[in-house]
Every structure is written in C-alpha cells, then in structure tokens.
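Numbers here are sequence positions counted from 1. In each ligand, atom 1 is the first atom listed, and ligand 1 is the first ligand listed. Note that the structure is predicted; figures quoted are calculated from it, not measured.
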Amino acid sequence: MKVALGSDHGGFQLKNEVDKYLRSKGIEVLDCGTNSTDSVDYPLFGYTVGQALLSGRVDFGIVICGTGQGIAMTANKLPGIRAAVCTETYSARMSREHNNANILALGGRITGVGVALDIVDVFLNTDFAGGRHSKRLELMVAVERGEKI
Ligand code: RB5
C-alpha cells in the first residue's frame, strides 16, 4: 500500500507522527509536504495529495491541517476525491464502508496522536461495503458532473 501524506503548518507535527507510524507498518509514504512549522496555505497541500491520488501513484491520501476542514474542503473540489474529516474511529470506518472515502483528513489541533493513529489504522484497513452504497456513490458522481439528480 502507498499513501500520500500532506499537511500545512497546523498539521505538521501530527504529519510527522503519521509518517513514522505508516513507515513502521511497512506502508510506503509519498511526502507531499509541508516540511516545517512555517506558515503555509493548506489548499496547496490538499490539492497536491488529491492529484497524487487521482494520478494513481498512491492508494489513499491523508491530509492534515489545524482542523482538517480546509484541507479536506480543498481536496473535495477535485472530481473523484472523497475526503472525510474524522475525529474518532466510527466516522473513519463508516467513511470507508459507506462512502468509499479515499482521503482521510485529520485536525492537528483537534486530535491527539494516539487517537489519530487509531483513526489512520481503521481508515486504511476498512473496505468499501458496496451494495446499496454503490448507487449513492453514483449519485455523488452525477452531482460532480453537474447533472441534476
Ligand atoms: C491555519 O491557521 C488554519 O486555518 C488551518 O490549519 C486549518 O485549520 C484550516 O482549515
């Protein structure tokens, strides 16, 4: 498995922890920055992770800003991206099972390292359930295409 990982300054410390954790599990990491606590603009990193995913270079993305919100909102502007902000493991599991989320968004100023790593684990190890949820994803794609549903 390969994961693209990106953050702004608000997520930089948690990004380092997630990076170490993924590598310790034998998961390949594509580091999309940022690489310091200097103030940067989160859309740049949400976009870069989203593009890495859409290009097929990685299986999943993880994006982190102060809250997880802005970086997720940005990634979700890209057609095909389904970024889920998660602060606990139930949302992480459901975002995969029901919504086939392909990017996990975390808040570096919200979620502590221990909980964040559990969330990462659940997100990466839960499969999409398919079935009735597939039709709902198709509706989401129709909205992305500008179709009326
Ligand atoms: C940066 O101060 C902060 O706005 C950013 O990390 C994030 O929380 C935005 O959603």
Side-chain angles (χ1 to χ4, degrees), residues 1-25 27-128 133 136-137 139-147 149:
M1 185 188 289
K2 190 162 179 176
V3 172
L5 182 58
S7 78
D8 72 352
H9 53 291
F12 174 65
Q13 281 177 339
L14 183 55
K15 171 173 163 283
N16 283 342
E17 298 296 333
V18 172
D19 184 276
K20 269 191 282 175
Y21 181 72
L22 294 175
R23 291 176 199 273
S24 79
K25 295 280 176 194
I27 295 170
E28 253 189 282
V29 176
L30 176 66
D31 185 354
C32 297
T34 190
N35 292 307
S36 80
T37 52
D38 294 349
S39 183
V40 288
D41 298 324
Y42 59 79
L44 303 173
F45 303 91
Y47 177 82
T48 304
V49 169
Q51 287 294 3
L53 186 65
L54 294 173
S55 74
R57 291 160 70 202
V58 296
D59 305 293
F60 291 106
I62 299 178
V63 292
I64 313 173
C65 63
T67 58
Q69 302 292 351
I71 202 162
M73 287 177 196
T74 308
N76 277 325
K77 300 286 180 199
L78 297 169
I81 294 301
R82 292 176 300 280
V85 181
C86 296
T87 56
E88 26 66 39
T89 53
Y90 182 78
S91 297
R93 180 173 298 106
M94 288 302 112
S95 74
R96 289 286 307 127
E97 268 185 33
H98 288 195
N99 316 119
N100 201 12
N102 47 20
I103 292 186
L104 167 65
L106 296 167
R109 295 173 183 157
I110 304 280
T111 307
V113 177
V115 173
L117 298 184
D118 276 357
I119 292 170
V120 166
D121 221 30
V122 167
F123 186 87
L124 296 180
N125 289 297
T126 303
D127 291 329
F128 177 49
H133 304 294
R136 294 164 188 168
L137 284 200
L139 288 167
M140 226 191 267
V141 170
V143 172
E144 268 179 351
R145 291 200 187 115
E147 293 167 21
I149 59 170

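- Side chains of Glu88 and Ser91: a donor-acceptor N/O pair is present below 3.5 angstrom, by distance only.
- Taking each heavy atom of Arg82 and Leu137 in turn, the nearest pair found is CD-CD2, 4.0 Å.
- Minimum interatomic distance between Cys65 and Asp8 (heavy atoms only, all atoms of both residues): CA-OD1, 3.1 Å.
- Pairing each heavy atom of Ala75 with each of Ala83, the nearest pair is CB-CB, 4.3 Å.
- Residues Arg23 and Val29 come closest through the heavy atom pair NH2-CB, 3.6 Å.
- Closer than 4.0 angstrom to ligand 1 lie heavy atoms from Asp8, His9, Tyr42, Cys65, Gly66, Thr67, Gly70, Arg109.
- Taking all atoms of both residues into account, the shortest heavy-atom contact from Leu117 to Tyr21 is CD2-CB, 3.7 Å.
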